[in-house]
**Student:** 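Below are the structure tokens for one structure; questions will follow.
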Amino acid sequence: MAAPTKCQLRGRLVLLCSLLGMLWEARASQIRYSVPEETEKGYIVGNISKDLALEPRELAERRVRIVSRGRTQLFSLNPRSGTLVTAGRIDREELCAQSPRCLVNFKVLVEDRVKLYGIEIEVTDINDSAPKFQAESLEVKINEIAVPGARYPLPEAIDPDIGVNSLQSYQLSPNHHFSLNVQTGDNGAINPELVLERALDREEATAHHLVLTASDGGEPRRSSTVRIHVTVLDTNDNAPVFAQRIYRVKVLENVPPGTWLLTATASDLDEGINGKVAYKFWKINEKQSLLFQLNENTGEISTAKSLDYEECSFYEMEIQAEDGGGLKGWTKVLISVEDVNDNRPEVTITSLFSPVREDAPQGTVILLFNAHDRDSGKNGQVVCSIQENLSFKLENSEEDYYRLLTAQILDREKASEYNITVTATDRGTPPLSTEIHITLQVTDINDNPPAFSQASYSVYLPENNARGTSIFSVIAYDPDSNENSRVIYSLAEDTIQGSPLSTYVSINSDTGVLYALCSFDYEQFRDLQMQVTASDSGSPPLSSNVSLRLFVLDQNDNAPEILYPALPTDGSTGVELAPRSAEPGYLVTKVVAVDRDSGQNAWLSYRLFKASEPGLFSVGLHTGEVRTARALLDRDALKQSLVVAVQDHGQPPLSATVTLTVAIADSIPDILADLGSLQIPADLEASDLTLYLVVAVAVISCVFLTFVITLLALRLRHWHSSHLLRATSDGLAGVPTSHFVGVDGVRAFLQTYSQEFSLTADSRKSHLIFPQPNYADTLISQQSCEKNESLCVSVDSKFPIEDTPLVPQAPPNTDWRFSQAQRPGTSGSQNGDDTGTWPNNQFDTEMLQAMILASASEAADGSSTLGGGAGTMGLSARYGPQFTLQHVPDYRQNVYIPGSNATLTNAAGKRDGKAPAGGNGNKKKSGKKEKK
């Protein structure tokens, strides 16, 4: 029996220790301070960092902060000093009214630990309020027949302070008829009463004036007074009496203003004015007086404003009934406000830890919030819940604080964002609820390697590709985000036929495009095996590999190679033997060829391309066997040349040819006799090419020779014409100038009016002037022409004899020549008229007009070598529009220009097919031609 008793004692001891430990821990997590009211802002309440076992700098690092619900923040944290200080003025009476202890509770959250610490601060009272009466004066009516010892209640003074700072005593001013009596109630309240000490006599004094003083016990002592006016009345036998000493009533907080609560009735046995009762509030504070109203005639009490259970649930007041004779009665009214479910739960988010890493362990705190309801009882009980979500759960941490935790490991690739709805519902009837919506972002970690769409890849590439050709594109997908999803492609190191893989192919690290670095040859290797690696940019990086096989497709890039017959290395040709007695179908030889390509590109077909004697031999299409197509005859030549073509079936097809020499003889001596005459036949295509080259060279030589002969003939003809003109010009040397048509007159006229050219008969020289292109209507003088030799050409010429005229014309008529005196301008004789008068002879005038017309027409048409200006030579400008040459005979065919073989005629120019030269000058090239 002793052993079980010891075990029970040990168990009880362990349980007691556990309970004490829990109580100690709870007390340790609750931090208490006290602070007097009315302190200045920044008053140090306590060293919170020390009590939390933290350094002051850690308050900010660990994000320590105060959380309170729906109340003005009264305290704050000083992160520099680590102290808890007041955030403003604190009024104890406003916070706690008449409560014996004024406690302020809130929580301090250490966010990185997600831990709450309870803080309790007691606000101590100071004597900052004096006792205060509701009115400054009071009237008391007392009947003169009142007996000594009668008591009359007096209004109480209210002091919001507590303890010694509250109301402690009353004092009445000295008086012979009255004294003061103080009664202490059950709740500790001090009630003053006025006691009648001596009988009153209205005839002595109708009124008495008293002063009541209320004082507290604080330091310094505070007090207030009220003046009491006592009126002595005539006889009034009965005072009003209420039906109940205490009236009790319950009312719902949601009743509208004006709702009747109760009726306090007082009865008075007197009659007349002494029996009429008036009601009024006797003891009521200022806040209550605003909420309720009293009918002074009926004693009905009703609500003046809406009630709020959360602000005050109980009201106590006194009502006084007074008759007309001044007698009074009192009663107490107690009003209880009942709570209704009129407040929805309030949800306050304390901390939200978003975003959260997807690798956060199970049970990680996502949200810390407070849910409370201002209602009471079941109406104030709150239940929180979330929608069905397997990833999260709610946990009630302490009191009305809740935590939202992760119920499992999150996966950002499945859900990168969660919209969580937290619902807080009270237990009232009907229940009220509040919802908050939380958006939780999940941050990515590099937990997924890149993944290829296929387990392996097969790529086909035709051979002979260009360098840098894009072969294929591999794509790897990484479900992670940002840098964790950025994929980098690379090729695993490998060696192919002794060379690194990097010499054959390369891959774009960003796009995954595979490029060929060389031209692949199917005959060299047919496939490449490589490993493509895709790595992400996370930390640490993750990667995956995929096998890629590159198949090189064959192209028809190799012509057939003939193995037999092979051409001897000494330059001779092989000879195949065929007896003359061979029957049709006799196998002479077989052409053997191979193709390095594969497939259809290597399928070969044989045909007889050329034969010295068609129809004698045939070639097997697929075998390459050369057989006789008919019986051999005596007339068939001993030596037969065959060209066999071998062609593949590629696109485009390639071919090769071989030349066979077949010797036809019945015996070996016959063959040996003719072997010396056998030669290797030249290639037919080479012979045709040589022929084309020889013909082309011959044609080009003929054309060149013809051109040289033609050029020499033209030069000889030109040389012969020049000598002929020079010989004819020499025959006119002895002819006087007077035998020609007035050359001096024409020269003088043209020099005066056109200043275009000058004709000199004495020297038989003509100076020909080509005007500058910039002068369309102005002729250049001879002096300027002589200065610019590039524009002026001097030609020594003689007039041709009549037997060899260049242009057919009539013989000159000496009758229309001008005399020396009749020549106009400065070219006339010295004895003539200096004014250069025109001839008076009508015939001579017509001749001159004809000469002028011819010169003007030639200048206008530009066929003369003189170069021209305006066609009218300025005559219209000088003689006016009435001067016309329409009726003048045309003598232009009889006018010569010395030094030129041209005449002043339009017909000649048109007949020669020359385009008329412009008025703005002849080029230097034309001048050179005239000189020649």
Side-chain angles (χ1 to χ4, degrees), residues 133-135 137-157 170 172 175-186 189-212 226-249 261-284 289 292-301 316-334:
F133 292 96
Q134 292 182 356
S137 60
L138 175 66
E139 182 180 3
V140 178
K141 296 178 180 181
I142 301 176
N143 197 291
E144 65 177 342
I145 62 173
V147 297
R151 298 174 182 271
Y152 301 92
L154 296 176
E156 297 178 4
Y170 291 96
L172 187 65
N175 188 275
H176 299 288
H177 294 278
F178 301 96
S179 65
L180 183 66
N181 184 35
V182 177
Q183 298 288 336
T184 302
D186 297 336
I190 301 175
N191 301 316
E193 291 179 344
L194 186 64
V195 180
L196 180 62
E197 295 292 340
R198 292 174 61 183
L200 299 177
D201 187 358
R202 190 172 182 275
E203 286 70 19
E204 291 181 2
T206 59
H208 299 271
H209 298 280
L210 305 175
V211 175
L212 180 64
V226 61
R227 292 187 300 274
I228 301 174
H229 180 75
V230 179
T231 303
V232 181
L233 301 177
D234 287 336
T235 303
N236 185 15
D237 298 335
N238 299 293
V241 178
F242 284 94
Q244 301 178 18
R245 286 190 59 189
I246 299 176
Y247 288 89
R248 302 177 187 272
V249 65
L261 299 180
L262 59 90
T263 301
T265 305
S267 60
D268 195 327
L269 299 177
D270 294 327
E271 294 180 357
I273 193 172
N274 293 330
K276 186 178 180 180
V277 179
Y279 302 91
K280 68 176 181 180
F281 287 115
W282 180 248
K283 291 183 180 180
I284 188 171
S289 63
F292 303 97
Q293 60 185 4
L294 174 64
N295 191 320
E296 63 179 7
N297 296 322
T298 62
E300 293 181 355
I301 300 175
E316 180 180 352
M317 63 194 74
E318 289 186 7
I319 298 176
Q320 172 185 287
E322 183 179 4
D323 61 15
L327 297 180
K328 302 173 183 178
W330 294 270
T331 186
K332 184 178 292 186
V333 177
L334 303 177

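Just so you know, these numbers use all the heavy atoms, side chains as well, and skip hydrogens, waters and symmetry mates.
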**Student:** Quick one: list whatever passes ring pair (Phe, Tyr, Trp, His ring centres under 6.0 Å) with Y247, sequence neighbours left out.
**Tutor:**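 For Y247, no residue satisfies ring pair (Phe, Tyr, Trp, His ring centres under 6.0 Å) once neighbours in sequence are set aside.
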**Student:** Under the side chain to side chain contact (heavy atoms under 4.5 Å, CB included) rule, collect the residues that match up with Q293, sequence neighbours excluded.
**Tutor:**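 Testing Q293 for side chain to side chain contact (heavy atoms under 4.5 Å, CB included), a comparison that skips the adjacent residues, returns S302, A304.
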**Student:** My understanding is that only residues two or more places apart in sequence, or in another chain, count here; which of them pass side-chain hydrogen bond (donor to acceptor under 3.5 Å, both in side chains) with N295?
**Tutor:**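 Per chain and number, N295 pairs via side-chain hydrogen bond (donor to acceptor under 3.5 Å, both in side chains) with T298.
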**Student:** Between V140 and L210, does the side-chain contact (heavy atoms from CB on, under 4.5 Å) criterion hold? Intermediate values first, please.
**Tutor:** CA-CA 10 Å; V140 178; L210 305 175; over 6 Å; no
**Student:** Under the rule for ring pair (Phe, Tyr, Trp, His ring centres under 6.0 Å), what residues qualify as partners of Y152, not counting sequence neighbours?
**Tutor:**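 Scan of Y152 (ring pair (Phe, Tyr, Trp, His ring centres under 6.0 Å), adjacent residues dropped) gives none.
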**Student:** Before giving the answer on side-chain contact (heavy atoms from CB on, under 4.5 Å), spell out for R227 and H229 the whole-Å C-alpha distance, their side-chain angles and the decisive distance to 0.1 Å.
**Tutor:** CA-CA 7 Å; R227 292 187 300 274; H229 180 75; over 6 Å; no
**Student:** side-chain hydrogen bond (donor to acceptor under 3.5 Å, both in side chains) with S179: which residues, sequence neighbours excluded?
**Tutor:**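 Applying side-chain hydrogen bond (donor to acceptor under 3.5 Å, both in side chains) to S179 gives E197.
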**Student:** Which residues pass the side chain to side chain contact (heavy atoms under 4.5 Å, CB included) test with N181, not counting sequence neighbours?
**Tutor:**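 Applying side chain to side chain contact (heavy atoms under 4.5 Å, CB included) to N181 gives R151, Q183, E193, V195.
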**Student:** Can you sort out the partners of S267 under side-chain hydrogen bond (donor to acceptor under 3.5 Å, both in side chains), two or more places apart, ordered by chain and number?
**Tutor:**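 None.
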**Student:** Working to the nearest 0.5 Å, report the span between OG1 of T231 and NZ of K141.
**Tutor:**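 It comes to 7.0 Å.
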**Student:** Could you tell me if the side chain of L194 sits less than 4.5 Å from the side chain of L172, heavy atoms only?
**Tutor:**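 Touching, per the 4.5 Å side-chain cut-off.
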**Student:** Just so I know, are the side chains of S289 and F281 near enough to count as touching, which here means a heavy-atom distance under 4.5 Å?
**Tutor:**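 Not touching, per the 4.5 Å side-chain cut-off.
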**Student:** For I246, check side chain to side chain contact (heavy atoms under 4.5 Å, CB included) against everything at least two apart and list the hits.
**Tutor:**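 I246: side chain to side chain contact (heavy atoms under 4.5 Å, CB included) contacts with R248, K332, L334.
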**Student:** Just so I know, are the side chains of I301 and I319 near enough to count as touching, which here means a heavy-atom distance under 4.5 Å?
**Tutor:**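 Yes, close enough: below the 4.5 Å cut-off.
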**Student:** Nearest 0.5 Å please: distance from the NZ atom of K280 over to the NZ atom of K328.
**Tutor:**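 Here the interatomic distance stands at 6.0 Å.
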**Student:** Can you list everything that forms a side chain to side chain contact (heavy atoms under 4.5 Å, CB included) with K283? Sequence neighbours excluded, please.
**Tutor:**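 Here the qualifying residues are E156, N191, E318.
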**Student:** Check for a donor-acceptor pair, side chain of T331 on one end and backbone N or O of Q244 on the other, with a separation under 3.5 Å.
**Tutor:**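 Judged by distance alone, yes, a pair lies under 3.5 Å.
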**Student:** Check whether any side-chain heavy atom of F133 sits under 4.5 Å from a side-chain heavy atom of L212, and report yes or no.
**Tutor:**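 Side chain of F133 against side chain of L212, heavy atoms only: contact under 4.5 Å found.
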**Student:** Residues two or more places apart in sequence or in another chain: which of them pass ring pair (Phe, Tyr, Trp, His ring centres under 6.0 Å) with H177?
**Tutor:**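 Counting only residues at least two positions away or on another chain, H177 forms a ring pair (Phe, Tyr, Trp, His ring centres under 6.0 Å) with H208.
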**Student:** Side chains of V333 and L261: does their closest heavy-atom pair fall under 4.5 Å?
**Tutor:**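 In short, these two side chains do not touch, never coming nearer than 4.5 Å.
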**Student:** Kindly list each side-chain donor-acceptor pair under 3.5 angstrom involving residues 272-279, sequence neighbours excluded, with atom names and distances?
**Tutor:**
residue	atom	partner	partner atom	Å
N274	OD1	G325	N	3.4
Y279	OH	A266	N	2.9
Y279	OH	A266	O	3.3

**Student:** Could you list the residues that satisfy side-chain hydrogen bond (donor to acceptor under 3.5 Å, both in side chains) with E296, not counting sequence neighbours?
**Tutor:**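 Expected list: none.
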